[in-house]
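Read through the structure below, which is laid out as structure tokens, and then see the notes.
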Protein chains: 2
Amino acid sequence: MAVQRGEGQVGEGARIRDVAKAAGVSPATVSRVLNNSAGVGEALRKRVLGAVERLQYRPNPHARALLSGRSHTAGLLVAEVDGPFYGPLYRGLERVLSEHRLHLIMASGRRRHEVEWEVVNSLLGRGLDLLFLWPEALSQEELRWAAAQGPKVVILGQEVPGLPCVALDHAHGGYLATRYLLQAGHLRIAHVAGPQGMQDAVSRLAGYQRALAERGLEVDPELVAYGNFRESGGYRAARELLSRGRPFSALFAANDQMAIGVAAALEEAGLRVPQDVSLMGYDDIIMARYVRPALTTIRQPLEEVGKAAALRALQALGYAAGTPQELALEVIERSSVRPLDSS
Amino acid sequence: MAVQRGEGQVGEGARIRDVAKAAGVSPATVSRVLNNSAGVGEALRKRVLGAVERLQYRPNPHARALLSGRSHTAGLLVAEVDGPFYGPLYRGLERVLSEHRLHLIMASGRRRHEVEWEVVNSLLGRGLDLLFLWPEALSQEELRWAAAQGPKVVILGQEVPGLPCVALDHAHGGYLATRYLLQAGHLRIAHVAGPQGMQDAVSRLAGYQRALAERGLEVDPELVAYGNFRESGGYRAARELLSRGRPFSALFAANDQMAIGVAAALEEAGLRVPQDVSLMGYDDIIMARYVRPALTTIRQPLEEVGKAAALRALQALGYAAGTPQELALEVIERSSVRPLDSS
DNA sequence: CTGAAAGCGCTTACAG
DNA sequence: CTGAAAGCGCTTACAG
């Protein structure tokens, strides 16, 4: 009685007992052969493998997961699955994880607190081994709670005291970008920041302000506008900046996508990059090299971030994993910035 | 004896029997409450829910999957997780699937037969409910074999007789793009095709040739070069075309990423788009709207493709799902093509 | 309306 | 070296 054989896809194939019968051994022996455990007689081994092959037997992963408590799956929360940004991160994670036969589930929190929370809970309910969270709206409290729920958690994009994190120093990046522009002789530097309240956006803005202050320049709030981290946001923010009428000879956009939107708006307004306005991006997405003028930007090693996060997580799971590379930000000089004639 | 309580993350929380004990009922009753089955007395129901809450009980998904044969997870094979191309597809799939509490695993086949085959097998061994395959190198035989292994399979990007597929008519798209250029008065039209042997690339090339032939023009093989579907490939292919010395007034690139690489190469060679060379892309990635000049292109409704594929798969699983939209290709006119003066 | 029991497909400690 | 049995955490047909 009780449960009938499932109709599910998994149940359709041969079971271990079918293989055992076909090979004339016990299920335990089949299991041992498949898991390379203990010494199984060579003769039996061959027989079992033959039967496995013949019946196209695949062990039921759900049964294995139930027994071991391991699903061989990791989850990744990001702000969006679109866009050029998370691709390299995903790839870095996948490269390392797949070597350990771990798969990766990606889910989007859409930059909204409510959605992020729901996604994290859904991920927590799936019996994943690992959780990589790149939150945009969740509080540190909430992240710590999530980490207490079971799966190993690695936080990306920000430092959360008490949890394993892999973050880049966004404030430093904002500082580097701005200083670069300053060194090129620009004094009136506008900034298109990311969404207000988002950590990385806030930090880059802080870096921008610090560089200006260090140089003894006043930070003019009229030279700062906010965007959504996408092309459309950069486009709109640039138009807003232009409409304010405050002159600027350079502009630092908090990411490359917005920088490209900015460039479009500038051109529409009859301003040339870099002759009239120097433009600096952030991220170094692939496209940055190909847009005209090619974008000078701050490179974030996102694939390396993914690898580092994966390595750290694997260690937490008890696998012997290598040591991650140093994650350094770097100015990539291309053609969108030019020195200001001090004439 | 036998198995000890797992150390896995899943095993760490409360089990159904703990809840049952706390509520003073049997595990069966807890199960019924949680699954809203049958009529459970309201009083008990409350007690059970209270205990669930108190113990922070989460049913073990692996046990459920073992019993039901359903993992609530779908797999997606694509050529790369990077790049702007698959984002909208993933999003379309995810939007529909998540409404049915299905998660999505993405894996990259890297355009290599061997890797694709391995990935498909790995996916097949995971007890997934659904498989979405956008193959670049697998044969129709292999795809049919995969579909026979258990999970419901939907093929993307090409038609495979006998299997549910969601594909766009790439030949038609190539034809549309070329005809558009022809109608603008161009007669010498170069083509940067995708990798030789890949279905979509081959079809677009065929569409290009058909449009030329229809117009009574000879197809000059010297005007065709091949790229890797990425910016770098477009860049190199354009340089190759230029080095051949055959004149052309327009160029159709088999995707937007290559078109953007082409534009960079053209500009480096001192050629202006569209004044000197008209440029047509394919896909309509977000960036197409923002590069300068904004790219005239063929829009592929990839998010819709994802939704349609998800809907079809859900039907196969027996869920009542809606009917997908029509998937039409469309010329998006922007600024990278201009009529040829017939002077 | 509720519970005791069987069983999903595996793995592993125990016996031999 | 190999097998019989227990058990992972659930769900559901069967009894009551």
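Note: hydrogens, waters and symmetry copies are ignored here, and every other heavy atom, side chains too, is used. Labels below follow one simple rule: chain letters A, B, ... track the order of the sequence lines, proteins then strands, and each chain is numbered from 1.
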(message) Taking side chain to side chain contact (heavy atoms under 4.5 Å, CB included) as the criterion, tell me which of Leu97(B), Val78(B), Leu123(B) meets it with Phe132(B).
(response) Leu97(B)
(message) Using OP1 and OP2 only, check whether a side-chain N or O of Arg17(B) sits under 4.0 Å from dC8(D).
(response) yes
(message) Any residue in residues 41-49 of chain B with a heavy atom nearer than 4.0 angstrom to DNA chain C? Just list them by number, or reply none.
(response) Gly41(B), Leu44(B)
(message) Taking the nucleotide of DNA chain C with the nearest heavy atom to each, does Gly24(B) or Val30(A) sit closer to the 5' end?
(response) Gly24(B)
(request) Nearest whole angstrom, please: distance from the P of dC10(C) to the CG of Leu55(A). (result) 12 Å
(request) Report the residues that fulfil ring-ring contact (aromatic ring centres under 6.0 Å, His included) with Phe85(A), sequence neighbours left out, ordered by chain and then residue number. (result) Trp134(A)
(request) Sequence neighbours left out, what pairs pass side chain to side chain donor-acceptor pair (under 3.5 Å) with at least one residue falling in residues 153-163 of chain B? (result) Gln158(B)-Gln199(B)
(message) Please tell me if Arg64(B) has a side-chain N or O lying less than 4.0 Å from either OP1 or OP2 of dG9(D).
(response) no
(message) I need the full list of ring pair (Phe, Tyr, Trp, His ring centres under 6.0 Å) pairs touching residues 102-123 of chain A, with sequence neighbours left out, sorted by first then second residue.
(response) Trp117(A)-Trp145(A)
(request) Check the distance between dA13(D)'s P and Asn35(B)'s CG and give it to me in whole angstrom. (result) 12 Å
(message) With side chain to side chain contact (heavy atoms under 4.5 Å, CB included) as the test, pick out the partner of Ile105(B) among Leu76(B), Leu128(B), Leu131(B).
(response) Leu128(B)
(request) Over all heavy atoms of both residues, which pair between Tyr86(A) and Glu80(A) is shortest? Give the atoms and the distance, please. (result) CD1-O, 3.1 Å
(request) Provide the distance between the two C1' atoms, one in dG16(D) and one in dT12(D), to the nearest whole Å. (result) 16 Å
(request) Take the protein atom CD1 of Ile16(B) and the nucleotide atom C1' of dG3(C), then report the distance between them rounded to whole Å. (result) 13 Å
(request) Using a 4.5 Å cut-off on heavy atoms from C-beta on, say whether the side chain of Arg64(B) contacts that of His72(B). (result) no
(message) Measure CZ/Arg58(B) against P/dC10(D) and give the value in whole Å, please.
(response) 12 Å
(message) Tell me the interatomic distance from Asn60(A), atom CG, to dC10(D), atom C1', rounded to whole angstroms.
(response) 14 Å
(message) With nearest nucleotide decided by heavy atoms, which residue, Ser31(A) or Ala28(B), maps closer to the 5′ end of DNA chain C?
(response) Ala28(B)
(request) Sequence neighbours left out, what pairs pass side chain to side chain donor-acceptor pair (under 3.5 Å) with at least one residue falling in residues 310-322 of chain B? (result) none
(request) Take atom CG of Leu66(B) and atom P of dG9(C), then tell me their distance rounded to the nearest Å. (result) 7 Å
(request) Taking all heavy atoms of Val19(A) and all of Val48(A), pick out the closest pair and write down the distance. (result) CG1-O, 4.3 Å
(message) What contact category does Thr29(B) fall into here, base, sugar-phosphate, or nothing, at under 4.0 angstrom with non-hydrogen atoms?
(response) sugar-phosphate
(request) Report the distance from atom CG of Leu34(A) to atom C1' of dG9(C), rounded to the nearest whole Å. (result) 13 Å
(request) Taking all non-hydrogen atoms of both residues into account, name the closest pair between Leu93(A) and Gly306(A) and its distance. (result) CD2-O, 3.3 Å
(message) From CZ of Arg126(B) over to C1' of dC10(C), roughly how many Å is that when rounded to an integer?
(response) 17 Å
(request) Both distances under 3.5 Å, Watson-Crick or G-U wobble: on that basis, could you give the dot-bracket string for DNA chain D, with [ ] for crossing pairs and | for other-strand partners? (result) |||.||||||||.|||
(request) Could you check which of dC8(D), dT2(C), dG3(D) has an atom nearest any side-chain atom of Arg32(B)? (result) dT2(C)
